[in-house]
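What's counted below: heavy atoms across the whole structure, side chains too, no hydrogens, waters or symmetry copies.
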Amino acid sequence: PLAESPREVRARLETVLRDARSRTAGLVDAVSDDDLRRQHSPLMSPLVWDLAHIGNQEEMWLIREVGRRAPIRPDLDDLYDAFRHARASRPDLPLLDPTQARDYTAGVRHHALEVLDASPLSGERLVDRGFAFAMIAQHEQQHDETMLATHQLRTGPTALRAPDAPRVADTPTVDEVIVPAGDFVMGTDLDPWALDNERPAHRVSVPAFAIERFPVTNERWCAFIDDGGYERPELWSERGWAHRVEADLTAPQFWERDVDGRWFRRVFGTMTPLRPNAPVVHVCFFEAEAFARWAGKRLPTEAEWEKAARFDPAAPTAGRRYPWGDDDPTAVHANLAQRHLEPADIGAYPGGVSPLGVHQMVGDVWEWTSSGFESYPGFTMFPYPEYSEVFFGGDYRVLRGGSFGTDPVAVRTTFRNWDHPIRRQIFSGLRLARDVA
Ligand code: AVJ
Ligand code: FE
């Protein structure tokens with residue numbers, strides 16, 4: 001969380017801004033300028049668009065809004081407005097070239113740090129305590145995860161490298177914990193990093209339910225495939241089956257089978273034997289729903305997910321920032337921050353377990369929930385409607401917990417992500433739940 005004194009707040013904000021920029025640089029410097037301009041999938045922007053968009057958001061929020069300074073490049077606002085141009089059309093726009101985009105974002109950052117230096121970073125209101133800087137650092141990290149997904153879609157030789165994610169010799173048995181009925185606190189008022197859709201804190205009463213201790217693994221997904229999971233309409237919702245047929249889904253995205261029937265995954269350009277005990281990744285909501293029905297269970301609701309992640313029976317009115325408590329995430333707690341380019345085996349993070357005994361809720365894979373993206377009671381839009389408000393009630397499902405590609409500043413137990421139910425180029429997996437009597 002943001003530290004207490006203005007001096008500490010400033011140091012923390014400088015650090016997160018710098019960390020986000022070095023990650024961005026790593027993602028863009030890994031490929032050629034031609035590659036930065038290329039569109040690797042109609043679902044994604046060319047990487048050079050994300051780069052300049054990061055700079056443009058920072059200019060709008062830190063230079064103009066917070067700093068009250070004159071615009072640097074007002075002519076770019078339209079090009080890099082995500083609502084004006086669909087991703088598919090972005091390569092045809094007169095975008096900044098890679099050198100111009102690098103220079104622009106670097107120039108904006110120079111001014112942003114001057115604005116930070118001149119900010120008091122104290123006061124009652126979040127804005128006075130540096131919220132806009134924290135928001136911009138999260139925004140850049142969110143785009144970095146999107147750019148990582150673009151890298152995964154790239155064809156050609158591997159451009160990114162990282163050590164393999166941790167393996168576990170003794171695979172834990174798949175089992176579940178029972179979450180007792182009762183109120184818990186959903187969302188937050190206090191977390192200075194929380195975005196508008198995570199607010200306000202409110203009590204939610206949840207009937208008792210069971211939730212699995214681990215995300216669903218590749219091995220279980222293979223059993224689903226072998227049992228005809230993709231061939232049996234009764235396992236799918238009506239919309240889900242229509243999508244399954246139309247998109248010809250037969251396995252998670254990036255899975256390929258060799259002549260002997262062994263499964264491989266293309267992981268950032270490298271064919272890799274499927275890791276049986278790692279969480280499945282790159283499944284859409286409709287596939288997740290079908291898997292759950294096949295397993296005789298269901299997806300958790302968003303409230304169930306959050307309760308399993310942060311409810312502590314010993315402190316029922318407090319909500320934890322992370323399943324393990326309020327300490328900043330490290331490599332002991334969770335597979336985050338692109339430290340690895342894949343999910344880790346289940347059981348690899350005993351240091352990150354929640355008070356109720358649920359593992360790997362933060363990191364590894366985003367987990368689909370059955371909930372649509374809606375505002376919490378008492379929601380106030382802040383600071384702009386295009387972050388959350390315009391998406392409420394749309395055709396989205398909420399995902400929770402972050403993935404191996406999510407930075408710690410961009411995830412916590414209250415953090416809400418959302419996407420269309422057909423999307424699977426994101427680092428999405430699932431965890432199962434069920435009703436209990
Ligand atoms: C919260 C991941 C759904 O990428 O569309 C980035 C984040 N908002 N720029 C997205 C976001 C504006 C957003 N998600
Ligand atoms: Fe954005």
Worksheet item: Going through the distances and angles, do Arg275 and Glu219 end up as a salt bridge (charged side-chain N to carboxylate O under 4.0 Å, His left out)?
Response: CA-CA 8 Å; Arg275 288 180 55 167; Glu219 183 171 51; over 6 Å; no
Worksheet item: Under 3.5 Å, is there a donor-acceptor pair between the side chain of Asp196 and the main chain of Phe382?
Response: yes
Worksheet item: Between the side chains of Thr188 and Thr414, is a donor N or O closer than 3.5 angstrom to an acceptor N or O?
Response: no
Worksheet entry | Glu287 vs Arg244, salt bridge (charged side-chain N to carboxylate O under 4.0 Å, His left out): CA-CA, chis, key distance, verdict | CA-CA 8 Å; Glu287 285 170 290; Arg244 133 80 191 95; over 6 Å; no
Worksheet entry | Ala303 backbone acceptor or donor facing Glu306 side chain under 3.5 Å | no
Worksheet item: Closest approach of Phe131 and Leu195, non-hydrogen atoms and distance?
Response: CZ-CD2, 4.0 Å
Worksheet item: Is the side chain of Arg220 donor-acceptor paired with the backbone N or O of Val174 at a distance under 3.5 Å, no angle test?
Response: no
Practice prompt. Taking the side chain as every heavy atom from C-beta outward, state whether Arg102 and Leu51 have any pair of such atoms under 4.5 Å apart.
Written response: yes
Practice prompt. Could you tell me whether Asp328 and Arg12 make a salt bridge, using a distance below 4.0 angstrom between a side-chain N and a carboxylate O?
Written response: yes
Worksheet item: Can you tell me if CZ on Arg203 sees more than 12 non-hydrogen neighbours from other groups inside 6.0 Å?
Response: no
Worksheet item: Can you check whether Ser371's main-chain N or O pairs, donor with acceptor, with Glu302's side chain at less than 3.5 Å?
Response: no
Item to complete: Verify, without hydrogens or angle tests, whether Arg199 (side chain) and Ala194 (backbone) share a donor-acceptor contact under 3.5 angstrom.
Response: yes
Worksheet item: With a 4.0 Å cut-off, would you call Asp191 and Arg321 a salt bridge?
Response: yes
Worksheet item: Backbone N or O of Gly261 within a donor-acceptor pair of the Asp258 side chain at under 3.5 Å?
Response: yes
Item to complete: Measure the OH-CH2 distance between Tyr230 and Trp241 for me, rounded to the nearest 0.5 Å.
Response: 11.0 Å
Fill in: Step-by-step salt bridge (charged side-chain N to carboxylate O under 4.0 Å, His left out) determination, Lys297 to Asp435
CA-CA 8 Å; Lys297 298 192 181 183; Asp435 297 345; over 6 Å; no
Worksheet entry | Shortest non-hydrogen contact from Leu356 toward Ala308 | CD1-CA, 4.2 Å
Item to complete: State whether a side-chain donor-acceptor pair under 3.5 Å links Glu256 with Trp263.
Response: no
Worksheet item: Do the ring planes of Phe311 and Phe184 sit parallel (below 30°), tilted (30 to 60°) or perpendicular (above 60°)?
Response: perpendicular
Item to complete: Look only at the side chain of Gln57 and the backbone of Ile54, and say whether a donor-acceptor pair between them is shorter than 3.5 Å.
Response: no
Discussion item. Salt bridge check, Arg167 against Asp345: does any charged N sit closer than 4.0 Å to a carboxylate O?
Written reply: no
Fill in: Heavy-atom closest contact (Leu336 atom, Gly363 atom, distance)
CD2-CA, 3.6 Å
Worksheet item: Which atoms form the tightest heavy-atom contact between Met147 and Thr24, and what is the distance?
Response: CE-CG2, 4.4 Å
Worksheet item: Under 3.5 Å, is there a donor-acceptor pair between the Thr105 and Glu58 side chains?
Response: no
Worksheet item: Taking the six-membered ring for Trp, are Tyr80 and Trp49 parallel (under 30°), tilted (30 to 60°) or perpendicular (over 60°)?
Response: tilted
Worksheet item: What about His53 and His139, are their ring centers closer than 6.0 Å?
Response: yes
Discussion item. Under a 3.5 Å cutoff, is there a donor and acceptor pairing between the side chains of Gln39 and Arg90?
Written reply: no
Worksheet entry | Main-chain N/O of Val409 paired to Arg412 side chain as donor or acceptor, under 3.5 Å | yes
Item to complete: Find out whether Asp248 and Thr250 are in side-chain contact, i.e. whether some heavy atom of one side chain is under 4.5 Å from a heavy atom of the other.
Response: yes
Worksheet entry | Pair Asp326-Arg320, salt bridge (charged side-chain N to carboxylate O under 4.0 Å, His left out): steps then yes or no | CA-CA 6 Å; Asp326 292 334; Arg320 294 180 163 211; over 6 Å; no
Discussion item. Rounded at 0.5 Å granularity, tell me how far CG in Leu36 sits from CG in Asp97.
Written reply: 10.0 Å
Discussion item. Are His151 and Phe268, when compared by the centres of their aromatic rings, separated by less than 6.0 Å?
Written reply: no
Worksheet item: Are any side-chain N or O atoms of Gln138 and backbone N or O atoms of Trp193, one a donor and one an acceptor, separated by less than 3.5 Å?
Response: yes
Worksheet item: Does a donor on one side chain and an acceptor on the other come within less than 3.5 Å for Glu389 and Tyr384?
Response: no
Worksheet item: Counting heavy atoms not belonging to Glu234, are there more than 12 under 6.0 Å from its CD?
Response: yes
Fill in: Arg298 and Glu304 ion-paired at < 4.0 Å
yes
Worksheet entry | Closest heavy-atom pair and its distance - Glu140, Arg109 | OE1-NH2, 3.2 Å
Worksheet item: Excluding sequence neighbours, so at least two apart, what forms ring-ring contact (aromatic ring centres under 6.0 Å, His included) with Trp324?
Response: Tyr322, His333
Worksheet item: So, His340 versus Asn335: side-chain donor-acceptor pair below 3.5 Å or not?
Response: no
Practice prompt. Would you check if Val353 and Val358 make a side-chain contact, meaning some heavy-atom pair closer than 4.5 Å?
Written response: no
Practice prompt. Evaluate the ring planes of His202 and Tyr376, with Trp represented by its six-membered ring, and classify them as parallel (under 30°), tilted (30 to 60°) or perpendicular (over 60°).
Written response: tilted
Discussion item. Checking Glu145 against Trp366: is there a side-chain donor and acceptor pair closer than 3.5 Å?
Written reply: yes
Discussion item. If the condition is ring-ring contact (aromatic ring centres under 6.0 Å, His included), which residues does Tyr349 pass it with, not counting sequence neighbours?
Written reply: none
Discussion item. Taking the six-membered ring for Trp, are Phe286 and Trp236 closer than 6.0 Å centroid to centroid?
Written reply: no
Worksheet item: For the rings on Phe391 and Phe373, is their centre-to-centre separation under 6.0 Å?
Response: no
Worksheet item: Is Asp260 atom CG crowded by more than 12 heavy atoms from other residues, nucleotides or ligands, each under 6.0 Å away?
Response: yes
Item to complete: Anything under 30° is parallel, anything over 60° is perpendicular, the rest tilted; go ahead and classify Phe214 against His359.
Response: tilted
Worksheet, complete the sentence: Output for pair (Ile422 CD1, Cys284 SG), nearest 0.5 Å, gives 8.0 Å
Worksheet, complete the sentence: Separation between CD (Glu374) and OG (Ser388), nearest 0.5 Å, reads 12.0 Å
Fill in: Audit row: Thr270, Thr158, side chain to side chain donor-acceptor pair (under 3.5 Å) steps and yes/no
CA-CA 6 Å; Thr270 305; Thr158 297; 2.6 Å; yes
Discussion item. Nearest 0.5 Å, please: how far is CG in Leu432 from CD in Glu212?
Written reply: 4.0 Å
Discussion item. As an exercise, state the distance from CG of Leu160 to CD of Gln152, rounded to the nearest 0.5 Å.
Written reply: 10.0 Å
Worksheet item: Do the charged groups of Arg431 and Glu367 touch, with an N to O distance under 4.0 Å?
Response: yes
Response to the item:
Result for ring pair (Phe, Tyr, Trp, His ring centres under 6.0 Å) between Tyr387 and one of Trp418, Phe392, Trp61 points to Trp418
Worksheet item: Does the Asp407 side chain pair with the main chain of Gln141, one donor and one acceptor, at a distance under 3.5 Å?
Response: no
